[in-house]
Amino acid sequence: MGSSRDIAIGPVAVVSLLLGTLLQNEINDPVGNAAEYRRLAFTATFFAGITQVTLGFFRLGFLIDFLSHAAIVGFMGGAAITIALQQLKGFLGIKKFTKKTDIVSVMHSVFASAHHGWNWQTIVIGVSFLSFLLVAKYIGKKNKKFFWVPAIGPLISVILSTFFVYITRADKQGVQIVKHIDQGINPSSVDQIFFNGGYLLKGVRIGIVAGMVALTEAIAIGRTFAAMKDYQLDGNKEMVALGTMNIVGSMTSCYVATGSFSRSAVNYMAGCQTAVSNIVMAMVVFLTLKFLTPLFKYTPNAILAAIIISAVIGLIDFDAAYLIWKIDKFDFVACMGAFFGVVFVSVEIGLLIAVSISFAKILLQVTRPRTAILGNLPRTTVYRNILQYPEAAKVPGVLIVRVDSAIYFSNSNYIKERILRWLIDEDELVNKSGQTKIQFLIVELSPVTDIDTSGIHAMEELFRSLQKREIQLILANPGPAVIDKLHASGSAQLIGEDKIFLTVADAVASCCPKLVGEV
């Protein structure tokens, strides 16, 4: 149903961690309350699917973009560390382990059990196969011809470790194993979804959060591979497809699934051309569940922990974080806020911090838009920002200001006050240097895509304030939406039709014909 040809669907680390954490916040003992825990998971999955389908049907995909790239990098990095720390239970053979996910609680639990809770055989298995998996990943990264090495690394690890435990009976020495796995396909779970009662709202809340994160990850992955193969991805189509999949999944004993970057990368490197690769993958999983599950009885938990740790290490993108630091410090704050929120508190708090900082950035940019003083580039009729082009010269007696944003109620007062402050600064400069007094204010409006009633009111107030100072307001290159509203409100007549020009050069020519003649 989706438009991506490369994305491989299945359970992924970040969404699994998020869902598990949110579920355990509501049901503290998943083992003792296994039935309710499963039912809440299916309910959350159902409403995650409903959320995704709704967003796609009403074409609300833009909401996902509120999770900025910087926030996602931080969130993924924090989630990777949290997931890896959770695996220390199986990696070290610890039996009593904290239910919390923050780094302080986890490390306290690890070191508290160091003297009596660690199992050295488990550690040997874990370290050996983790080293093997990391080497396999390194080989695949260094030489693209060997892309299949990291792909089959986990399978080889499971086979070898299971065989080793079976022949040595290491499970009798304290090595924890998977034990019995039910054969066959899971039963229908339609009757297990909560459609009423106290858990309904909890399932809705968890489902919305998990569904949004799953969508973000899937669409980011889909866009990545679509760009590599040069085709267009329909975000709304992807949402409907993912949502339908999770709704059906919730009715067949599945929890929230989404696009997996590692599986999609293997798909891409193996040369898949269509989404039929997902059907092949599903058939292999079906055959495994039907016939091969008894073979996993002696699989040590340590090898599963090693596979997960090796997988999530790739989610920590140091290069991306450094690039964000170099490009935009505010983005870096969002990145680190999400990272530390996940690592030191919880996944949902990290997500909340990421979204909050992203919103704060948008509000800051909307309410405090960039403005610039323009100057004339020598021997041209071009006017540019004097901070960007130091050689650009101010026009004597004229202050030229460019507004780099639409003018709305949220920023109109700021823009007006900013321009008036610049006028005061210019007057002080003129008085000190004895230059020509400012007589004209030219406002360059070409970047202003729109203006509302508050913006027009601010423009009229600016005009009246300038009149008291005996300074003439001139507008340059207003766009069609802006000029229409200026005419409709009567502001164009107030300022003067003859004071609105096509270019800054034309406006300067009307103010300083002598200067234009010299240029």
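Quick caveat: nothing in here was measured; it's all calculated off a predicted structure.
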Could you tabulate the donor-acceptor pairs under 3.5 Å formed by side-chain atoms of residues 331-346, not counting sequence neighbours?
unit_1, atom_1, unit_2, atom_2, d
Asp331, OD1, Lys361, NZ, 2.7
Asp331, OD2, Lys361, NZ, 3.3
Ser346, OG, Ile349, N, 3.4

Shortest non-hydrogen separation from Met76 to Glu217 and the atoms involved: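 So the two residues come closest at CE-CD, 3.8 Å.
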
Closest non-hydrogen atom pair between Pro154 and Pro150, with its separation: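 Answer, listing the atom of Pro154 first, then Pro150: CD-O, 3.2 Å.
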
Any side-chain donor-acceptor pair under 3.5 Å between [X] and [Y]?
{"X": "Ser3", "Y": "Tyr231", "result": "no"}
{"X": "Ser454", "Y": "Ser412", "result": "no"}
{"X": "Asp317", "Y": "Tyr322", "result": "no"}

Please check: side-chain N/O of [X] versus main-chain N/O of [Y], any donor-acceptor pairing under 3.5 Å?
{"X": "Thr45", "Y": "Val256", "answer": "yes"}
{"X": "Ser264", "Y": "Ala8", "answer": "yes"}
{"X": "Asn143", "Y": "Ile139", "answer": "no"}
{"X": "Ser189", "Y": "Ser253", "answer": "yes"}
{"X": "Asn246", "Y": "Ala257", "answer": "yes"}
{"X": "Asn119", "Y": "Thr122", "answer": "yes"}

Output a table of donor-acceptor pairs, distance under 3.5 Å, between side-chain atoms of residues 274-287 and any protein atom two or more places apart or on a different chain; print 'none' if there are none.
unit_1, atom_1, unit_2, atom_2, d
Thr274, OG1, Val276, N, 3.3
Ser277, OG, Asn267, ND2, 3.0
Ser277, OG, Thr274, O, 3.4
Asn278, OD1, Ile9, N, 2.9
Asn278, ND2, Ile7, O, 2.9

Does atom [atom1] of [X] have more than 12 heavy-atom neighbours from other groups under 6.0 Å away?
{"X": "Phe195", "atom1": "CZ", "result": "yes"}
{"X": "Lys141", "atom1": "NZ", "result": "no"}
{"X": "Tyr37", "atom1": "OH", "result": "yes"}
{"X": "Tyr166", "atom1": "OH", "result": "no"}

Residue pairs fulfilling salt bridge (charged side-chain N to carboxylate O under 4.0 Å, His left out) with at least one residue in residues 290-309, sequence neighbours excluded: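 Counting only pairs at least two positions apart or across chains, no salt bridge (charged side-chain N to carboxylate O under 4.0 Å, His left out) contact touches residues 290-309.
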
Please tabulate, one pair per line, all N/O donor-acceptor pairs under 3.5 Å involving side-chain atoms of residues 169-178, not counting sequence neighbours.
unit_1, atom_1, unit_2, atom_2, d
Arg169, NE, Asp171, OD1, 3.4
Arg169, NH2, Asp171, OD2, 3.3
Gln176, NE2, Gly93, O, 3.4

Could you go through residues 20-33 and list every donor-acceptor pair under 3.5 Å that involves a side-chain atom there, pairing it with any protein atom two or more places apart or in another chain?
unit_1, atom_1, unit_2, atom_2, d
Thr21, OG1, Leu17, O, 2.7
Asn25, ND2, Glu348, OE2, 2.5
Glu26, OE2, Arg205, NH2, 2.2
Asp29, OD1, Val31, N, 3.3
Asp29, OD1, Gly32, N, 3.1
Asp29, OD2, Gly32, N, 3.4

Ring-face cation of Arg5 near Phe225 (centre distance under 6.0 Å, axis angle within 45°):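 Relative to the ring axis of Phe225, which defines the angle, Arg5 lies outside at least one limit.
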
Would you list the atom pairs, donor with acceptor, under 3.5 Å between side chains in residues 300-313 and any protein atom, with sequence neighbours excluded?
unit_1, atom_1, unit_2, atom_2, d
Ser310, OG, Ala306, O, 3.3
Ser310, OG, Ile307, O, 2.8

